[in-house]
Amino acid sequence: MISISIRDGRHRWTCASCATSWRSPSGGGFGAAASALNVAQSALSRHIKLLEHELGGALLERGARGVAVTEAGKVLLARGRWLLGTIDDIKAEVLTENREPGGTVRLGAPSSLADNFYAPLARLFARRFPRVRLELSDGLTEEMTDRLLKGELDLAVVTAPQPNDHLDYETLVVEQVFLIGPPRDPLLSRGSLTRKDFRQLPAAVLPLSRSAFPSGVRSSLRVESMTPLKQMVASGLGYGLLPFSGIHQEVADGTLSAARLPWMSADRVLALPRGRPTSRATREAVAALKEVCRDLVGQGRILTV
């Protein structure tokens with residue numbers, strides 16, 4: 001067992017002792033928690049009271065029906081679990097830094113890229129780094145950046161992110177954006193549209209995040225996921241906007257039509273938390289993402305500007 005201490009100039013907490021407090025609420029009571037942790041109930045209670053004194057408020061609410069976690073306690077619980085997980089990753093990283101990388105890499109990406117990137121990325125890691133565990137999720141840029149800042153992700157691919165003092169960005173690829181519509185749409189059969197054509201669209205299906213459609217384009221539909229957006233567009237409920245990586249299969253199958261918007265692009269950006277140590281496994285994930293991206297561009301599944 002590795003013992004790690006945290007000092008702030010006045011106080012000294014050990015991760016082992018903090019773990020005692022963080023894990024105690026899930027045991028159903030002090031007695032059960034003390035037994036599970038193999039410590040005396042009085043010692044457990046005393047340590048939690050010390051923590052509450054140090055933090056200036058109650059972490060647990062004690063009552064006749066048992067113990068409940070306060071809002072402050074929930075914050076400590078969430079952060080503590082993240083910290084303990086990070087310590088496990090540190091141990092795995094230190095033990096394997098000079099050998100085969102290990103540990104967990106948590107990656108998030110927009111669904112249009114996840115559909116293309118995740119399978120080849122997983123195959124690459126299974127072949128080269130079998131000791132690394134990948135946790136892959138998809139979502140909107142705003143959600144991915146929020147999860148990065150909370151420590152729930154190690155890295156993410158985001159689209160045209162807002163500046164943030166706590167994140168480091170590196171451009172992965174700049175994709176061409178297309179206007180998409182139902183099969184054999186006469187407007188989109190031109191292959192490329194002008195800004196005037198774009199401003200005169202009759203209706204659009206908008207994403208929940210930022211939209212590049214002109215304010216004058218009518219829309220009564222906003223969706224979060226790329227799949228229902230494409231289904232609504234295919235049924236004629238309005239036009240949509242997506243990079244080619246998100247529509248290449250539908251265009252090939254003829255279930256969607258698309259036209260290039262020469263002035264519009266999507267900056268796909270790698271985002272990592274600034275100041276947080278980056279594990280070797282995460283560094284290998286960044287290199288692998290770049291390799292997969294080059295392959296997809298070469299295969300024509302990503303069209304660059």
Side-chain angles (χ1 to χ4, degrees), residues 109-117 138-145 157-163 169 171-271 292-305:
S111 54
S112 58
L113 282 186
D115 289 349
N116 290 281
F117 272 72
D138 64 87
L140 301 174
T141 288
E142 291 80 0
E143 177 189 356
M144 295 297 102
T145 53
V157 182
V158 293
T159 304
Q162 297 296 316
Y169 297 130
T171 299
L172 179 65
V173 66
V174 180
E175 290 196 74
Q176 178 66 62
V177 172
F178 285 74
L179 184 72
I180 60 173
R184 298 176 297 281
D185 184 87
L187 175 64
L188 302 183
S189 64
R190 303 177 191 176
S192 180
L193 299 184
T194 65
R195 293 177 184 268
K196 181 178 179 181
D197 296 327
F198 188 58
R199 289 194 298 269
Q200 295 176 347
L201 295 173
V205 180
L206 304 180
L208 283 180
S209 58
R210 293 163 289 161
S211 173
F213 277 104
S215 57
V217 176
R218 179 178 60 84
S219 177
S220 58
L221 293 169
R222 299 183 73 94
V223 295
E224 179 176 359
S225 173
M226 181 180 69
T227 298
L229 185 150
K230 291 189 289 188
Q231 293 170 342
M232 293 175 189
V233 168
S235 66
L237 292 173
Y239 292 98
L241 290 172
L242 281 175
F244 192 73
S245 61
I247 58 169
H248 68 91
Q249 191 61 57
E250 289 83 0
V251 171
D253 295 341
T255 56
L256 284 174
S257 54
R260 187 187 302 263
L261 301 176
W263 68 91
M264 193 176 296
S265 61
D267 292 1
R268 307 294 203 169
V269 177
L270 286 169
V292 169
C293 185
R294 289 192 297 269
D295 290 343
L296 293 173
V297 170
Q299 295 165 14
R301 294 171 64 179
I302 290 178
L303 295 183
T304 59
V305 174

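Basis for what follows: all heavy atoms, side chains included, without hydrogens, waters or symmetry-related copies. Keep in mind that this is a model prediction, so the values were computed, not measured.
Val292 is listed as a side-chain neighbour of Phe117, based on a closest heavy-atom distance under 4.5 Å. Taking the side chain as every heavy atom from C-beta outward, Leu172 and Val269 never approach each other to under 4.5 Å. Annotation: side chain of Leu187 is in contact with side chain of Leu201 (closest heavy-atom distance under 4.5 Å). Proximity of Asp115 to Met226: side-chain heavy atoms (C-beta onward) are separated by under 4.5 Å at one or more points.
Contacts of Arg190 classified as side-chain hydrogen bond (donor to acceptor under 3.5 Å, both in side chains), with partners at least two apart in sequence or in another chain: Asp197.
Going from atom OG of Ser112 over to atom CG of Asp138 covers 9.5 Å, rounded to the nearest 0.5 Å. Within the model, atoms CD1 of Ile180 and CG of Leu242 stand 4.5 Å from one another, a figure rounded to the nearest 0.5 Å. Atom CZ of Phe178 sits about 8.5 Å away from atom CG of Leu261, to the nearest 0.5 Å.
Pairs of residues two or more places apart, or lying in two chains, that qualify as side chain to side chain donor-acceptor pair (under 3.5 Å) and include a residue from residues 174-184 are Glu175-Ser245, Glu175-Arg268. Within the structure, side chain to side chain donor-acceptor pair (under 3.5 Å) pairs that include any residue of residues 251-266 comprise Gln249-Asp253 (at least two apart or interchain).
Under the 3.5 Å distance criterion, the side-chain polar atoms of Tyr169 are matched with a main-chain donor or acceptor of Gln162. At distances below 3.5 Å, not a single donor-acceptor pair connects side-chain atoms of Thr159 with backbone N or O atoms of Ala266.
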All N/O donor-acceptor pairs, side-chain side in residues 227-240, below 3.5 Å, sequence neighbours left out:
| unit_1 | atom_1 | unit_2 | atom_2 | d |
| --- | --- | --- | --- | --- |
| Lys230 | NZ | Gly246 | O | 2.9 |
| Lys230 | NZ | Glu250 | OE2 | 2.8 |
| Ser235 | OG | Gln231 | O | 3.4 |
| Ser235 | OG | Met232 | O | 2.8 |
| Tyr239 | OH | Asp185 | OD1 | 3.0 |
| Tyr239 | OH | Asp185 | OD2 | 3.1 |

Please list every donor-acceptor pair under 3.5 Å in which a side-chain atom of residues 293-305 meets a protein atom from a residue at least two apart or in another chain.
| unit_1 | atom_1 | unit_2 | atom_2 | d |
| --- | --- | --- | --- | --- |
| Arg301 | NE | Asn116 | OD1 | 3.4 |
| Arg301 | NH2 | Asn116 | OD1 | 3.1 |

